[in-house]
Structures are given as structure tokens and as C-alpha cells.
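Please read the structure below before turning to the comments.
Just so you know, ligand 1 is whichever comes first in the structure, and atom 1 is the first atom listed for that ligand. By convention here, the first residue in the shown sequence is residue 1. For clarity, every value in this text was computed on a predicted model and none was experimentally measured.
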Amino acid sequence: MENIIDVQNISYSYSVDETRRVQALHNISLQVPRGQFLAILGHNGSGKSTLSKHFNAILLPESGEVRAMGIDTRDEAHLYDIRRHIGMVFQNPDNQIVATIVEEDVAFALENMGVPTAEIRRRVDEALKAVGMYDFRKRPPHHLSGGQKQRVAIAGVLAMQPDCIVLDEPTAMLDPRGRREVLATLQNLHAQGVTVVLITHFMDEAVQTDRVVVMERGDIILDGAPREVFSNISLLQSVGLDVPQTAELSHELEKCGIKLPRGLLTVNELADALAGLLEGSHCPSSKSNM
Ligand code: ADP
Ligand code: MG
């Protein structure tokens with residue numbers, strides 16, 4: 001399977017002052033296959049942003065190697081290609097919006113790239129439709145809600161036709177409705193084949209992805225399907241992370257001696273398992289309707 005991002009044994013440290021450095025990444029390896037929806041979890045300071053900035057050469061590794069679309073991120077001649085293929089969205093939508101009209105904002109990078117006008121029109125319309133913001137194309141961005149602004153920022157990246165979109169806590173500043181809008185947008189892009197890397201500290205968002213990587217102090221401590229990762233309740237809690245409520249309740253019930261299948265994630269799965277126990281029959285195999 002083709003890896004969009006291939007991180008091999010990278011380490012990175014920041015200099016704090018003339019004599020001291022803080023080690024932010026310790027010998028990390030990570031492959032992101034094309035089409036995957038990957039969540040990176042971890043509490044503040046665990047190295048998530050530092051790692052993600054290596055994906056498109058915002059940072060270069062001190063040791064080890066990062067390949068984006070097969071290109072070594074140290075290769076300056078291909079910097080532009082790397083940045084076009086691996087798009088980034090950050091936490092604060094206000095810092096990412098530059099124009100005074102939504103569609104102009106989405107067109108901004110394309111104009112700088114010298115894309116022909118008709119092609120810009122087509123790509124901007126397509127990107128705005130993909131994030132559900134086409135009807136707002138003539139509006140000033142500062143009148144939009146946080147979730148809407150963040151979707152415009154995502155459209156700006158999509159207009160570049162990236163292979164992968166990396167979002168560093170894009171919902172951290174949003175209200176619950178804005179978070180739902182952004183998550184639904186990402187699900188939709190993933191369904192259309194876009195590779196998505198979502199850095200988040202919301203468990204309910206991570207649960208909706210294909211794969212969850214958990215970072216702690218510059219290391220990857222868990223990596224797997226959400227069901228596997230969230231069954232490590234004690235480990236997650238020991239590094240200060242919440243766990244999905246269903247997983248936590250299952251864990252508490254198990255401590256009371258109630259035998260449940262591993263990896264229950266949705267309310268319906270837990271309800272089915274408990275109903276099965278109450279009827280005195282075996283627990284039904286988990287039917288996912290996340
Ligand atoms: P996260 O995104 O998971 O919160 P970061 O990648 O931002 O983590 O930070 C990892 C470590 O690197 C932390 O110890 C943090 O304090 C340190 N760090 C991050 N950015 C800088 C910086 N610009 N200068 C010095 N230290 C930094
Ligand atoms: Mg961060």
C-alpha cells in the first residue's frame with residue numbers, strides 16, 4: 001500500500017536557551033497509507049504539533065527521515081510540491097483567513113500559484129461545495145461562525161487538490177455545533193478518498209476515525225484501530241487522557257465482575273451487550289452503528 005507520509009526514526013529537539021534543549025520527539029516512526037483517516041491523540045506537550053510539522057517540511061528532522069509522497073522533506077527543490085500535496089489546517093481559523101470575501105479567500109493560494117482563472121473558478125466552487133459552504137461564497141468571513149470559518153480554511157486547502165490534509169486541533173476553538181460540522185466535513189472528505197490526519201484531544205472525534213495513534217512525551221505509546229486503542233483504559237488514564245464514556249463505563253462494570261466483550265465503543269454496542277446479559281443469553285456480537 002502506498003504511504004502518503006513515511007516517518008522513519010525521527011528525533012527533534014527545540015533549543016530553550018543557549019545551553020538547554022527540550023527533546024520533543026524520540027525516534028518516532030509512522031506510516032500513513034493513502035486513504036486513511038488517522039487521529040493523533042495526546043495531551044499538551046506530547047509532541048503532536050512537532051510531529052505534524054514534519055509531514056510537510058515546516059520542520060526537518062534532526063535525525064531519521066521523513067518522506068511525503070515519496071519525496072524526502074529535506075529536498076528543497078521539491079518543497080513546493082510537498083506543501084501542495086500535504087495541506088495543513090491549524091487551530092485558529094481567524095489566523096488562516098486572509099481575504100474579505102469567502103470565495104476570494106479560497107482562491108487566494110491558487111491565484112498566487114498562477115492557476116488560470118476558469119480553473120480557479122471551478123476549483124473554488126468544488127472546494128466550497130465539498131465543505132458545505134458554497135451558499136456563503138459571497139459573504140465576508142468575519143460574519144461566519146467558528147465552524148463555518150474553519151470549513152472555509154479547509155476549502156482553501158482543498159482547492160490546492162492535496163493528497164492529504166493534516167489538521168492540528170482544528171476544533172479546539174469551536175463550540176459543539178462547529179465541532180460537529182468540521183467532523184462531518186472530514187468524514188465526507190475521507191469518504192471521497194482524501195487522506196486525513198486529525199490531531200485532536202477529543203476522544204469522541206478520534207473514535208470516528210480508522211486509526212488512533214497516542215503520543216506521550218515525544219513517543220508513540222499506542223497505535224491501532226479505535227476499538228483496540230480505547231480498550232487500554234488504564235494506560236490512557238495514566239497519561240492524563242479521557243476515554244470515551246462507553247469504554248469507561250464498560251471498564252467500571254468489568255471491575256464489578258460483569259463480563260463484557262472487549263472494545264465496546266458506541267452506546268448501542270454497550271446497550272446490546274448489557275441487554276444480552278440481562279436476558280441471560282450470550283452477549284450479541286457487536287453491531288457497529290457509530
Ligand atoms: P503538542 O502539540 O502535543 O501540545 P508540541 O509538539 O507543541 O506538543 O510540544 C512538544 C514539546 O516541545 C513540549 O515540551 C513543548 O514545550 C516543546 N516545544 C514546542 N514548541 C516549542 C518551541 N517553539 N520552543 C521550545 N519548545 C517547544
Ligand atoms: Mg499542539
Output yes when the distance from some N or O of ligand 1 to some N or O of [X] is under 3.5 Å, and no in every other case.
| X | value |
| --- | --- |
| Lys48 | yes |
| Ala24 | no |
| Asn44 | no |

Decide whether Ile40 and Leu235 are clustered together by the hydrophobic rule: side chain heavy atoms of Ile, Leu, Val, Met, Phe, Trp, Tyr closer than 4.5 Å, transitively. no
Cluster overlap Leu41 with Leu183, hydrophobic side-chain contacts below 4.5 Å: no
Whether [X] side chain and [Y] backbone form a donor-acceptor pair below 3.5 Å:
| X | Y | value |
| --- | --- | --- |
| Gln96 | Asn92 | yes |
| Asp125 | Arg122 | no |
| Thr266 | Glu269 | yes |

Over 60° means perpendicular and under 30° means parallel, so classify the ring planes of Phe37 and His190, tilted if in between. tilted
Contact between ligand 1 and Ser46 is defined here as a heavy atom of the residue under 4.0 Å from a ligand atom; is it met? yes
Is it true that Lys138 and Glu104 make a salt bridge, defined as a side-chain N closer than 4.0 Å to a carboxylate O? no
Of the choices Ser15, Gly42, Gly218, Gly45, which has the non-hydrogen atom that lies closest to atom 4 (O) of ligand 1? Gly45
Using a 4.0 Å heavy-atom cut-off, say whether Val22 meets ligand 1 through its side chain, its backbone, both or neither. side chain
For the Mg ion (ligand 2), does an N/O/S atom of Ser49 lie at less than 2.8 Å? yes
Considering the options Arg151, Gln148, Gln150, Glu181, which one meets the side-chain contact (heavy atoms from CB on, under 4.5 Å) requirement together with Val131? Arg151
Does the protein put a heavy atom less than 4.0 Å from atom 15 (C) of ligand 1? no
[atom] [closest protein heavy-atom partner, distance rounded to 0.1 Å]:
| atom | answer |
| --- | --- |
| atom 22 (C) of ligand 1 | Tyr14 CD2, 3.5 Å |
| atom 7 (O) of ligand 1 | Ser49 CB, 3.9 Å |
| atom 8 (O) of ligand 1 | Gly47 N, 3.1 Å |

Answer yes or no for Arg179 and Phe202: cation-pi contact, defined as NZ/CZ to six-membered ring centre under 6.0 Å and angle to ring axis within 45°. yes
Would you mind listing which atoms of ligand 1 come within a distance below 4.0 Å of any non-hydrogen atom of Thr50? 5 (P), 6 (O), 9 (O), 10 (C)
Looking at His43, which atoms of ligand 1 are within less than 4.0 Å of one of its heavy atoms? 3 (O)
